[in-house]
Peer 1: 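My structure is below; once you've seen it, I'll send some questions.
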Amino acid sequence: MGNHALARGAFEAGVKVAAGYPGTPSTEILEALAQYPGVHVQWSPNEKVALEVAAGASLAGARALATMKHVGVNVAADPLMTLSYTGVNGGLVLVTADDPGLFSSQNGQDNRFYARFAQVPCLEPSDSQEIRDMVLEAFKLSEDYDTPVILRLTTRTAHGYSPMEWGGSPQEAPLKGYEKRPSKYVMLPAFSRERHLWVDKRRRYLEAYAEGTPWNRVEWRDLRVGVITGGVAYHYVREALPGVSTLKLGLSYPLPFHLIRNFVRAVKCCYVVEELEPFWEEQIRAWGLSVAGKEILPRTGELDPLTLAQSLGSLIGEEFPELVNRELLEIEVSPEKNLPNRPPLMCPGCPHRGVFYVLNKMNLTVIGDIGCYTLGALPPLEAMDTCLCMGASLGMAHGMEKARGREFARRSVAVIGDSTFWHTGLSGLLDMVYNKSQGTVIILDNGTTAMTGHQPHPGTGLTLRGEPAPRADLERAVRGLGVEWVRVVDSYDLGSIKKNLEEALKEDKLAVIIARRPCVLLEKRENIPFSVGKEECVGCGLCLQLGCPALHLQGGKPKSTLSSVRDAPCAPRYALGGP
């Protein structure tokens with residue numbers, strides 16, 4: 001898998017320190033790297049801290065890696081922009097795993113723009129072999145040009161499988177000497193002005209590198225049609241348009257002006273095939289070169305061979321049919337009309353479900369956050385009004401309270417998970433304390449980073465490698481920030497949740513409820529289900545309002561999808577009427 005290839009490449013490159021925050025499609029990188037000896041691998045509370053850890057390791061002379069999904073780079077952008085000025089000591093690579101199809105993300109941003117924004121090189125592999133090889137190149141590039149390097153994966157390259165050859169032992173990458181250099185590493189305005197000049201000079205050096213690097217290569221075929229492409233889209237071009245000449249860009253930024261100009265001039269017509277934004281296309285057109293792209297191809301979502309064949313391939317095929325994969329052109333896509341919808345659902349027995357059931361019944365405005373619990377917005381619970389980004393629920397709830405007054409706060413609540421709270425919720429809660437919020441917050445503590453695969457966090461007492469670590473105490477942290485009204489409840493005790501919520505909403509000060517119960521997939525042994533006798537069931541359907549996937553209606557009464565209601569791992573345990 002691509003993420004495993006990246007871990008292997010980092011190990012072979014002699015990485016000494018690797019940090020990140022779990023987020024699909026990047027999570028498996030550090031999990032795989034942790035299997036190799038001689039590397040310190042860690043989950044950090046958030047992506048900003050992860051990049052700062054990597055920056056410190058680089059400054060100390062080690063090769064360092066920071067990994068995150070695309071939206072994580074937004075969190076890490078502050079250190080990234082200035083790291084471009086300071087440069088590196090040991091090589092520093094930042095991996096961004098973009099999600100063009102929004103399979104597990106709140107947006108589909110194109111992080112190639114961060115490379116241009118920060119004026120740092122961006123490598124973009126197209127398969128597992130290139131991922132492994134480009135990691136080795138990225139560290140060399142970082143040290144040769146005194147720059148952090150961005151390595152951009154997408155969902156398909158991160159999670160796709162392809163053949164790969166690798167080396168044996170890691171490269172010799174001894175610690176470089178540490179040198180006290182305030183003019184390089186202390187970004188006071190007087191020093192940063194000089195470093196800004198260096199960044200501009202380095203960009204010109206990198207443009208020269210782009211002209212000669214083998215990662216940018218021309219594959220001559222028919223000169224009537226040329227395609228400029230890169231990343232996984234390169235493979236789509238080769239499958240859908242096998243006869244065209246291609247210029248494959250492995251270095252997404254900076255672009256090689258002379259190589260591109262010569263390619264465009266050598267072909268009769270030229271197209272740019274890239275996922276998401278016209279990042280290359282706009283730059284090439286700004287050079288006065290004639291290319292086409294986004295007027296034909298979609299600007300949103302993932303590409304695939306079929307989409308490419310039936311859009312650009314159809315156009316090219318009208319004049320040059322021999323250049324196009326005719327089999328793809330002739331495929332007719334007709335979605336099945338009778339297939340039922342399969343929306344994402346919380347797991348059977350998920351402790352979050354009951355909390356959202358109560359919130360729905362109380363008809364509260366729920367300011368939500370990023371996590372498994374975001375599914376509380378969907379039917380039948382429909383108990384979430386907003387979801388913006390990690391940690392935003394607290395600041396947004398505070399802003400809504402200040403805009404609409406105390407009465408609004410009495411009918412609203414912010415909801416955030418434990419991992420998200422440690423990520424960026426602390427500062428939001430501190431803001432609510434400092435600016436005298438009278439709102440109510442529920443922290444859903446299921447003891448893990450469940451959404452991305454049960455990774456540990458500072459509140460779990462375990463490191464990435466599963467080693468014991470100091471456990472951050474959620475209740476003490478909340479009280480330490482200045483919250484006086486704090487209650488801890490069992491997420492399965494719906495009566496207690498409702499009672500404490502009613503009390504919290506009446507308070508004239510900030511109130512925090514910690515709803516605690518381990519993730520049902522993490523601690524199955526603690527979740528012994530209750531059962532409902534078939535004779536006693538009156539068929540009221542109340543349990544079905546929880547949306548538990550282990551229950552369905554049969555013969556007018558709920559029935560488990562398993563062999564019996566007693567075997568069902570979920571809804572009958574909930575005390576819907578009270579404790």
Side-chain angles (χ1 to χ4, degrees), residues 2-22 26-68 72-73 76 79-80 82-84 86-97 120-121 123 125 131-153 166-181 184-185 455-456 458 462-469:
N3 283 341
H4 297 161
L6 200 150
R8 178 70 198 187
F11 170 68
E12 290 186 23
V15 166
K16 291 293 186 291
V17 176
Y21 183 81
S26 71
T27 306
E28 297 87 358
I29 298 169
L30 291 192
E31 292 177 333
L33 187 56
Q35 307 304 312
Y36 292 103
V39 189
H40 172 78
V41 184
Q42 69 170 61
W43 292 128
S44 295
N46 63 40
E47 295 86 355
K48 178 179 184 291
V49 173
L51 184 55
E52 290 161 349
V53 168
S58 168
L59 176 59
R63 286 188 165 183
L65 179 74
T67 70
M68 57 202 67
V73 182
L80 173 62
T82 306
L83 270 171
S84 175
T86 67
V88 303
N89 187 17
L92 174 57
V93 175
L94 167 63
V95 176
T96 170
V120 299
L123 290 163
I131 291 172
R132 177 264 180 190
D133 296 345
M134 280 190 181
V135 175
L136 296 167
E137 175 69 13
F139 281 104
K140 183 177 185 302
L141 184 62
S142 175
E143 292 170 350
D144 287 350
Y145 290 88
D146 192 12
T147 181
V149 174
I150 293 175
L151 184 68
R152 182 191 186 230
L153 305 183
W166 60 83
S169 301
Q171 294 179 353
E172 287 295 326
L175 280 176
K176 295 190 172 186
Y178 170 73
E179 181 182 357
K180 184 181 177 70
R181 294 180 60 187
K184 184 177 190 294
Y185 296 118
Q455 289 75 27
L462 295 172
T463 68
L464 187 154
R465 294 184 188 270
E467 299 164 349

Peer 1: Got a sec, which residues hit side-chain hydrogen bond (donor to acceptor under 3.5 Å, both in side chains) with Thr86, two or more places apart in sequence or on another chain?
Peer 2: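 Counting only residues at least two positions away or on another chain, Thr86 forms no side-chain hydrogen bond (donor to acceptor under 3.5 Å, both in side chains).
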
Peer 1: For the backbone of Val88 and the side chain of Lys184, can you confirm whether one donor and one acceptor N or O come within less than 3.5 Å of each other?
Peer 2: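 At least one qualifying donor-acceptor pair exists.
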
Peer 1: State the CD1-CG distance between Ile131 and Leu123, to the nearest 0.5 angstrom.
Peer 2: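 Spacing of CD1 (Ile131) from CG (Leu123) equals 11.5 Å.
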
Peer 1: Taking only residues two or more places apart in sequence or in another chain, which ones pass side-chain hydrogen bond (donor to acceptor under 3.5 Å, both in side chains) with Asn46?
Peer 2: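 Testing Asn46 for side-chain hydrogen bond (donor to acceptor under 3.5 Å, both in side chains), a comparison that skips the adjacent residues, returns none.
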
Peer 1: Is there a donor-acceptor contact under 3.5 Å from the side chain of Asn89 to the main chain of Gly177?
Peer 2: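 Yes, because the side chain of Asn89 sits within donor-acceptor range (under 3.5 Å) of the backbone of Gly177.
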
Peer 1: Scan the side chains in residues 31-38 for donor-acceptor partners under 3.5 Å anywhere in the protein, sequence neighbours excluded, and list what turns up.
Peer 2:
{"unit_1": "Glu31", "atom_1": "OE2", "unit_2": "Gln455", "atom_2": "NE2", "d": "2.7"}
{"unit_1": "Gln35", "atom_1": "NE2", "unit_2": "Glu31", "atom_2": "O", "d": "3.3"}

Peer 1: How far apart are the closest heavy atoms of Tyr178 and Leu59, and which atoms are they?
Peer 2: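 That closest heavy-atom pairing would be CD1-O, 3.5 Å.
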
Peer 1: When rounded to the nearest 0.5 angstrom, what distance separates CG in Leu83 from CG in Leu94?
Peer 2: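 Here the interatomic distance stands at 9.0 Å.
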
Peer 1: Between Thr67 and Val95, is there a donor-acceptor pair closer than 3.5 Å when you use the side chain of the first and the backbone of the second?
Peer 2: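 Absent.
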
Peer 1: Taking all atoms of both residues into account, what is the closest heavy-atom pair of Ala138 and Val93, and its distance?
Peer 2: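 Where Ala138 meets Val93 most closely, the heavy atoms are CB-CG2, 3.7 Å.
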
Peer 1: Identify the heavy atoms of Ser142 and Leu92 that sit nearest to each other, and give their distance.
Peer 2: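 Taking Ser142 first and Leu92 second, the nearest heavy atoms are OG-N, 3.0 Å.
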
Peer 1: About how many Å separate NZ of Lys176 and CD of Glu143, when rounded to the nearest 0.5 Å?
Peer 2: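 Answer rounded to 0.5 Å: 4.0 Å.
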
Peer 1: Mark yes or no for whether Arg63, through its side chain, and Ala13, through its backbone, hold a donor-acceptor pair below 3.5 Å.
Peer 2: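 Yes, Arg63 side chain to Ala13 backbone: donor-acceptor pair under 3.5 Å.
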
Peer 1: Looking at Ser58 and Gly90, would you say the former's side chain and the latter's main chain have a donor-acceptor pair under 3.5 Å?
Peer 2: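 Indeed, once roles are kept as given, a pair shorter than 3.5 Å links the two residues.
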
Peer 1: Roughly how far apart are Arg8 CZ and Asp133 CG, rounded to 0.5 Å?
Peer 2: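 If we round to the nearest 0.5 Å, Arg8:CZ and Asp133:CG are 12.0 Å apart.
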
Peer 1: Verify, without hydrogens or angle tests, whether Arg465 (side chain) and Gln42 (backbone) share a donor-acceptor contact under 3.5 angstrom.
Peer 2: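 Such a contact is absent between Arg465 side chain and Gln42 backbone.
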
Peer 1: Taking all heavy atoms of Ala66 and all of Ala50, pick out the closest pair and write down the distance.
Peer 2: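 It is CB-O, 4.3 Å.
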
Peer 1: Grab the two heavy atoms, one from Pro125 and one from Leu153, that are nearest each other, plus how far apart they are.
Peer 2: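 Pro125 and Leu153 have their closest heavy atoms at CG-CD2, 3.7 Å.
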
Peer 1: Do Trp43 and Thr27 come within less than 4.5 Å of each other through their side chains, counting heavy atoms only?
Peer 2: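 The answer is yes, as the side chains (C-beta and beyond) meet within the 4.5 Å cut-off.
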
Peer 1: Rounded to the nearest 0.5 Å, what's the gap from CE on Met134 to CG on Leu141? Could you check?
Peer 2: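 It comes to 11.0 Å.
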
Peer 1: Hey, what do you get for CD1 (Ile150) to OG (Ser84), rounding to the nearest 0.5 Å?
Peer 2: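 Those atoms lie 9.0 Å apart.
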
Peer 1: Provide the closest heavy-atom pair for Val135 versus Ala10 in the form atom of the first, atom of the second, distance.
Peer 2: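 Looks like CG1-N, 3.5 Å.
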
Peer 1: List the steps, then state whether side chain to side chain contact (heavy atoms under 4.5 Å, CB included) holds for Tyr21 with Glu47.
Peer 2: CA-CA 6 Å; Tyr21 183 81; Glu47 295 86 355; 3.4 Å; yes

